[in-house]
Structures are given as structure tokens and as C-alpha cells.
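Contents: one structure, followed by commentary.
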Amino acid sequence: ELVPETTPPPTEPPIDTPSAQPEIVFGPTATGVRVGALIPEGVSLVTDDAWWGGGDGGTVIRLDPVTHEVEAEIEVPGRSGIDHGAGSIWVGTGEGGHIVRIDEDTNEIVATIDLGMPSTSGHFAFGSLWAIHNEEGLVSRIDADTNEVVATIEVGGSPRGETGDH
């Protein structure tokens, strides 16, 4: 059947719909979870769960994407970004200058790593968490085996970005 040229193509509802509160929107996407754009702390999708660095204060929330139920709430000292890798959820504390490591199986904080400076986000790749220090133009590498900063690299400018080696 031919479709007239005046018929607009079907579109998915916009992701960045304004709302009073940050929210997670569950819907049909490649990952099975569509995230609202008003979540500044981000979402990390891990196997059958979604981890959200949202909520009040420094709360990290683990959600079941099928039932939409909260499975766990973990208090961390502030938050600025969230990612996963090496069986853990990694949460930056922003101005606090730390990365908090949460065990995915127990929902417990297993390490707090001192960065010595604020971090705007962290991304897991190549066996390490890479903490981004946007204002300083630096990236710190945290070894997942030792939970220690093994290098701080000057990259200049305002580093941002994603990695992709989960």
C-alpha cells in the first residue's frame, strides 16, 4: 500500500519532555529502557537492572526495568556520574573528589577512592574507571583490581565523553 507524501513518518515520543522532577521513562528502545533527558546524574544499565544516580541527596537507586520497582537505595556522599564495570557500580561524588564503588551483588559500598580533586563523571573501559576532571583538563585512571588511582593524565580543554568497553 502506498503512503501519501504528506503523511509524516511515525516518531517515538520525545525523550526530553520537561517535568518538575527527574524521571526514568521505561519504553521500547534498543536497550529496553528509555531514559528521560532531565537526569543529570545519569543511568547505568546493568544486565537486568537500571541504576539511577537520582533521588534526594546522594542516593543511588537500583530499579527493576520490568516491574519498575525500587530494589535498593544506597546512600553515597554526593554524586556526579554513574557507570558500571568489573561487577560494580561506580559513582562520582562531584565536588567531594571521590569515586564510590558499589558491589552489584550486595548493593554495598566496597570502596571509596580519593581523587584529590572534583570529578564530573567516570566511565569504565579497559579494566579501569576513568574519572574526568572537567575543569582541570585531567583524566584519572582507577585500577579495578586495586581501587587505586594509577595515573592522572593531562588532556587539556574540558574533557567529556563516553567509553565503551563494558
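No experiment lies behind these values; they were computed from the predicted model shown.
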Output the distance between atom [atom1] ([X]) and atom [atom2] ([Y]), rounded to the nearest 0.5 Å.
X: Ile102; Y: Arg62; atom1: CD1; atom2: CZ; result: 10.0 Å
X: Glu154; Y: Glu136; atom1: CD; atom2: CD; result: 11.0 Å
X: Ile82; Y: His123; atom1: CD1; atom2: NE2; result: 12.0 Å
X: Phe124; Y: Ile89; atom1: CZ; atom2: CD1; result: 11.0 Å
X: His133; Y: Ile153; atom1: NE2; atom2: CD1; result: 10.0 Å

Between the main-chain N or O of [Y] and the side-chain N or O of [X], is there a donor-acceptor pair closer than 3.5 Å?
X: Thr93; Y: His98; answer: yes
X: Ser128; Y: Trp130; answer: no
X: Trp90; Y: Leu129; answer: no
X: Arg141; Y: Glu148; answer: no

Contact summary for Ala144 and Ala86, nearest pair of heavy atoms: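 The pair with the smallest heavy-atom distance is CB-CB, 4.0 Å.
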
Nearest atoms (heavy-atom pairs only) where Gly122 meets Asp83: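 That would be O-CB, 3.5 Å.
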
Those residues that, when tested against Arg101, pass side chain to side chain donor-acceptor pair (under 3.5 Å) (two or more places apart): Ser88, Asn147

Check: Thr59/Glu75 side-chain N/O donor and acceptor closer than 3.5 Å: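 Yes, Glu75 and Thr59 have a side-chain donor paired with an acceptor closer than 3.5 Å.
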
Derivation and outcome, side-chain contact (heavy atoms from CB on, under 4.5 Å), residues Ile99 and Ile142: CA-CA 9 Å; Ile99 295 289; Ile142 300 168; 3.6 Å; yes

Expected list for residues 109-119: side-chain donor-acceptor pairs under 3.5 angstrom, two or more places apart:
from, atom 1, to, atom 2, distance (Å)
Asp114, OD1, Gly116, N, 2.9
Ser119, OG, Ser121, O, 3.1
Ser119, OG, Ile132, O, 3.0

